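What follows is one structure encoded as structure tokens, with my remarks underneath.
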There are 2 protein chains.
Amino acid sequence: MSESKNKFNKDMPSARRNQASGATLIDVAKVAGVSPITVSRALNRPDQVSEKAREKVRRAVEQVGYIPNMLAGGLASRQSKLVAIFVPTIAHPIFAEMVQALMDELSRAGYQAILGLTGYQKETEETLFNTILGRRPDGIVLTGTQHSELMRRRLIASGIPVVEAWDLCDDPIDMLVGFSHEQVGREVARHLYAKGYRRFAVVTAEDARGMRRYHALLDELHHLGIDDVPTAFIPPPSSLNAGREKVCELLDAGHRPEVVVCSSDTVAQGVLAEAASRGWTVPKDLAVMGFGELSNASQVYPSLSSVRLDGDRVGGQIAQALLERFKNPDAEIAPLRIDTGFTIVDREST
Amino acid sequence: MSESKNKFNKDMPSARRNQASGATLIDVAKVAGVSPITVSRALNRPDQVSEKAREKVRRAVEQVGYIPNMLAGGLASRQSKLVAIFVPTIAHPIFAEMVQALMDELSRAGYQAILGLTGYQKETEETLFNTILGRRPDGIVLTGTQHSELMRRRLIASGIPVVEAWDLCDDPIDMLVGFSHEQVGREVARHLYAKGYRRFAVVTAEDARGMRRYHALLDELHHLGIDDVPTAFIPPPSSLNAGREKVCELLDAGHRPEVVVCSSDTVAQGVLAEAASRGWTVPKDLAVMGFGELSNASQVYPSLSSVRLDGDRVGGQIAQALLERFKNPDAEIAPLRIDTGFTIVDREST
DNA sequence: AATGAAAATGATTGCGCTATCATAATTATG
DNA sequence: CATAATTATGATAGCGCAATCATTTTCATT
């Protein structure tokens with residue numbers, strides 16, 4: 001026994017509607033004394049309209065407080081001016097930094113971003129993905145290069161420009177901006193080995209890219225003759241406390257590594273905290289290697305050795321790649337692959 | 001039925017279009033053997049459609065890989081299912097946390113967020129604002145309560161539900177979720193005074209809310225008989241290094257405060273770093289008070305006293321308030337004002 | 001002036017979807 | 001069984017804008 005849904009007030013629906021939705025292109029056109037399409041052009045392609053008309057339109061827009069409806073515009077033009085950005089989380093500084101840079105750059109070009117937080121969960125990614133595709137983004141930014149076959153196919157079929165970020169691989173969906181996690185693992189191994197460390201341990205988050213670095217590290221250590229690398233895994237999201245607990249487990253299990261390689265600076269700071277609480281001297285009693293170069297890595301005591309990535313730069317490069325593609329959609333799609341690199345920063349903790 | 005008006009003719013525009021844009025509601029309807037509007041209902045109001053039809057639609061959607069075009073849907077229904085979130089930056093953990101919680105909650109209800117980064121700059125806020133209003137969001141989340149008169153008027157006129165966050169004031173635009181920055185300033189003053197501190201100094205960022213806390217702090221100290229409070233201001237964005245430099249300036253100018261009150265934990269950690277580098281013992285030689293409770297506040301050495309806010313909770317409350325309003329748009333608009341409070345956390349640094 | 005090219009403006013149509021009203025199919029009621 | 005009440009489905013008409021093509025105005029050139 002539900003009450004029948006009543007309709008809008010018959011009184012003056014149009015007035016009510018206009019109050020809520022604001023002025024339309026047609027309202028502006030009337031005030032300006034030109035046709036609607038001229039208003040549209042004055043706003044979107046000013047160079048196709050005479051200075052006189054442009055001025056009339058500008059004044060009319062001002063007067064009625066017109067704000068273009070981008071839902072309508074997007075529908076008509078098939079250009080949403082929207083870029084979808086998928087990241088695991090923005091609570092992590094490195095992603096926050098990238099997103100910020102990316103959005104800055106995009107907004108300068110009149111684009112906006114819509115964020116998809118995949119939360120490290122494979123489960124929801126596809127659902128999220130569908131929802132966001134519903135906004136018909138002009139471009140898509142993905143974190144990592146490991147996606148379900150279905151998603152890959154759909155993305156390729158859609159023809160939407162895609163950038164896969166934070167990683168490099170051999171069969172990208174489209175564009176690629178990142179660095180090789182394998183290379184990080186290998187270089188960290190060699191770097192620490194060269195410094196004389198022989199007994200390694202690892203505390204790593206169980207996310208895909210972290211594991212890639214981990215396996216490359218193991219592999220390289222193996223080549224260097226080191227095979228026993230006690231490891232503790234942290235289920236995402238990793239935190240300082242998790243790092244502390246996990247390294248504690250390793251140590252309590254009787255392992256006595258010279259150096260602990262961590263999947264992030266956050267985890268590494270947990271290890272530092274545990275070392276401090278045991279009264280150990282870093283790096284003499286235990287060396288610690290981070291990853292990601294949090295802004296305070298150089299300020300904690302002892303300052304943390306880490307692998308520096310540049311979120312700003314990655315974001316900027318992605319934006320550039322997308323904007324280039326938007327500007328020139330018909331151009332031959334040259335496979336774009338940008339290696340943003342990384343730097344091992346040696347500080348007091350190793 | 002004869003085809004009265006033909007849509008696209010000639011070569012293959014329809015095929016091309018479908019490849020790019022994907023299947024439409026009509027395609028699904030054809031496959032399912034029902035009318036388009038039934039497909040729409042099966043997707044958006046499943047309870048109004050028979051189980052049989054629902055199943056046919058589900059299968060057809062699956063088969064053609066249909067993803068609803070929310071631009072079209074939004075235009076027709078006047079519901080964008082979009083919430084605009086304005087924050088100064090997401091590079092700051094406290095905002096990142098709020099945004100994450102807010103987005104989580106919203107997406108659960110089928111809404112998505114579009115982010116506006118105001119970057120602490122008054123200049124661009126209005127421009128940004130117009131661009132984002134173009135997306136016709138169903139709700140708007142604002143940081144702070146200080147906005148231009150024009151924006152206030154437009155927002156109120158638009159009838160869009162608005163939440164102002166991170167602050168409380170007496171004449172909100174609409175809903176309000178936050179805490180009193182004045183109260184923080186006063187309580188921090190009293191708290192430190194009660195602990196015996198008499199010589200205060202301040203290092204604060206120059207943003208609006210930080211200044212409100214600062215003035216309340218000064219005011220309360222004045223009541224307690226303390227009038228000389230040397231202060232250094234940091235132009236946004238504040239950073240650990242900026243905090244360190246600024247406190248250095250204060251000390252080099254000959255001030256010898258017992259306690260430094262900082263506008264953020266980041267700044268406070270800069271002060272800690274400077275104290276450490278001078279070989280001072282905290283809190284004996286210099287006490288430090290933070291704000292915002294970064295996740296590592298309790299882990300730095302010495303652990304940092306701070307004011308704890310709960311970004312998760314703020315985000316959640318905002319989402320609830322908005323969703324409630326969406327569900328019940330015609331309800332009497334009860335002035336909503338949620339005080340999320342704060343907690344002074346006393347640790348080793350004071 | 002005459003002519004054509006270019007620039008500026010306009011009329012029409014439909015983007016893909018949902019609100020609205022109308023109708024058909026089902027169930028409840030006496 | 002007829003009738004009313006209740007579903008379930010469909011037809012139609014826009015939402016506000018830009019693509020497309022048609023038309024008018026302006027300007028340069030002969």
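A, B, ... follow the sequence lines: proteins, then strands. Residue 1 opens every chain. Please read all numbers here as calculations on a predicted model, not as lab measurements.
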Legend entry - Value in whole Å for how far the P atom of dC17(D) lies from CD1 of Ile26(A): 8 Å
Legend entry - dG10(D) base / Arg41(B) side chain donor-acceptor hit below 3.5 Å: yes
Inset, instruction - For Asp47(B) and dT9(D), give me the distance from atom CG to atom C1', rounded to whole Å. - result: 15 Å
Legend entry - Atom-pair distance (CD1 on Ile67(B); P on dC17(C)), nearest Å: 11 Å
Legend entry - Any Asn44(A) side-chain nitrogen or oxygen under 4.0 Å from OP1 or OP2 of dA18(D): yes
Legend entry - Interatomic distance, Glu51(A) CD vs dT25(D) P [rounded to whole Å]: 21 Å
Legend entry - Test: Arg54(A) and Glu51(A) ion pair at under 4.0 Å: yes
Inset, instruction - Remember a base hit wins even if backbone is also touched, and classify Pro68(B) as base, sugar-phosphate or nothing at under 4.0 Å, heavy atoms. - result: sugar-phosphate
Legend entry - Nearest-nucleotide comparison on DNA chain C, the residue closer to the 5′ end among Leu71(B) and Ile37(B): Leu71(B)
Legend entry - Whole-Å distance separating the CD atom of Glu55(B) from the P atom of dA8(D): 16 Å
Inset, instruction - Verify the contact: side-chain N or O of Arg78(A) to OP1 or OP2 of dG16(C), cut-off strictly under 4.0 Å; return yes or no. - result: yes
Legend entry - Distance test, side-chain N/O of Thr38(A) to OP1/OP2 of dG10(C), below 4.0 Å: yes
Legend entry - Residue whose nearest DNA chain D nucleotide is more 5′ - Gly33(B) or Val39(A): Gly33(B)
Legend entry - Check: Thr131(B)/Gln112(A) side-chain N/O donor and acceptor closer than 3.5 Å: no
Inset, instruction - Tell me yes or no: between the side chains of Thr89(A) and Gln100(B), is some donor less than 3.5 Å from an acceptor? - result: yes
Legend entry - Rounded distance in Å - CD (Gln48(B)) to C1' (dA19(C)): 12 Å
Inset, instruction - Answer yes or no: is there an ion pair linking Lys52(A) with Glu55(A), defined by an N-O contact shorter than 4.0 Å? - result: no
Legend entry - Protein-nucleotide distance (Met70(A), atom CE; dC17(D), atom P), rounded to Å: 11 Å
Legend entry - Closest non-hydrogen atom pair, Glu97(A) against Asp312(A): OE2-N, 3.2 Å
Inset, instruction - When you get a sec, tell me which of dG10(C), dC17(D), dT18(C) is the closest nucleotide to the side chain of Asn69(A)? - result: dC17(D)
Legend entry - Among dA19(C), dG10(C), dG16(C), the nucleotide that comes nearest once only the side chain of Leu75(B) is considered: dG16(C)
Inset, instruction - Examine dT9(D): is either OP1 or OP2 under 4.0 Å from a nitrogen or oxygen in the side chain of Ser50(B)? Give yes or no. - result: yes
Legend entry - Any Ser40(B) side-chain nitrogen or oxygen under 4.0 Å from OP1 or OP2 of dT18(C): yes
Inset, instruction - Of all the heavy-atom pairs spanning Leu336(B) and Ala321(B), show the shortest one and how long it is. - result: CD2-CB, 3.4 Å
Inset, instruction - Select from Lys52(B) and Ala76(B) the residue whose nearest nucleotide in DNA chain C is closer to the 5' end of that strand. - result: Ala76(B)
Inset, instruction - In whole angstrom, give the distance that lies between atom NZ of Lys81(B) and atom P of dC17(C). - result: 16 Å
Inset, instruction - Determine: side-chain N/O of Ser35(B) to OP1/OP2 of dG10(D), distance under 4.0 Å, yes or no. - result: yes
Inset, instruction - Select base, sugar-phosphate, or nothing to describe what Leu25(A) touches, counting heavy atoms under 4.0 Å on all strands. - result: sugar-phosphate
Legend entry - Position toward the 5' end of DNA chain D (nearest nucleotide), Ala72(A) or Gln79(A): Ala72(A)
